[in-house]
Asks: 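Before anything else, here's the structure in question.
Just so we're clear, the structure is a prediction, and the values are computed from it rather than from any experiment.
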Amino acid sequence: GVSLSGGPQDPQGTHSAGLITDCCGTVLEANIGATSGGESTVAQVESSAECCSICRSTALCVGWVYMSDQVCYQKKAASAAGVSLSGGPQDPQGTHSAGLITDCCGTVLEANIGATSGGESTVAQVESSAECCSICRSTALCVGWVYMSDQVCYQKKAASAAGVSLSGG
């Protein structure tokens, strides 16, 4: 499987890396309370993944709550600052799940990804690790990325992220 290791203890501090994630931040049996931008609802949604997908394509949606009656609540705000999940797996009702939209990048500072089965491509003059991740997200077969302080972005490619791991130190 995919494993994350290494990280901030790397004394060189010259790079960051990430594995592309599902971006949904799903927590079972959690909830999100009132948000500054209110909420909208969508009925007859098949799954929490679909509810998250609707949120990701909805303006100002920072989080979502999916109920077992197939209603999806889109929680809206100018930013996710101050918006939090409550409940979680200890919630005895087990009737819903919720998530906050994440950056989808799985960023780990001072980490690296070694060789991958699909090889790698390189992009020069990339301004940030976020831009490097964005390039990976739009590149076929890219499952992870490494961003170096010299502004080089390595796109790590494989048929799937299984077996691809971050390391550091």
Asks: Compare every heavy atom of Val143 with every heavy atom of Cys136, then report the nearest pair and how far apart it is.
Replies: SG-N, 4.1 Å

Asks: Mind checking what makes salt bridge (charged side-chain N to carboxylate O under 4.0 Å, His left out) contact with Glu39, not counting sequence neighbours?
Replies: Lys75

Asks: List the residues meeting side-chain contact (heavy atoms from CB on, under 4.5 Å) with Ser36, not counting sequence neighbours, and say none if there are none.
Replies: Ala77

Asks: Does any part of the side chain of Lys76, heavy atoms only, come nearer than 4.5 Å to the side chain of Thr58, both counted from C-beta?
Replies: yes

Asks: Please step through side-chain contact (heavy atoms from CB on, under 4.5 Å) for the pair Thr122 and Gln155, ending with a clear verdict.
Replies: CA-CA 6 Å; Thr122 305; Gln155 304 294 297; over 6 Å; no

Asks: Identify whether Leu60 and Ile32 are in the same connected component of the hydrophobic contact network (ILVMFWY, side-chain heavy atoms under 4.5 Å).
Replies: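 No: no chain of side-chain contacts under 4.5 Å links Leu60 to Ile32.
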
Asks: Quick one: does any side-chain atom of Tyr147 pair with a main-chain N or O of Val126 as donor and acceptor, under 3.5 Å?
Replies: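 Here the side-chain-to-backbone pair exists.
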
Asks: Applying salt bridge (Lys or Arg N to Asp or Glu O under 4.0 Å), which residue pairs with at least one partner in residues 125-134 are found, sequence neighbours left out?
Replies: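 Found none.
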
Asks: Quick one: pull up OH in Tyr154 and SG in Cys132 and give me the separation to the nearest 0.5 Å.
Replies: 10.0 Å

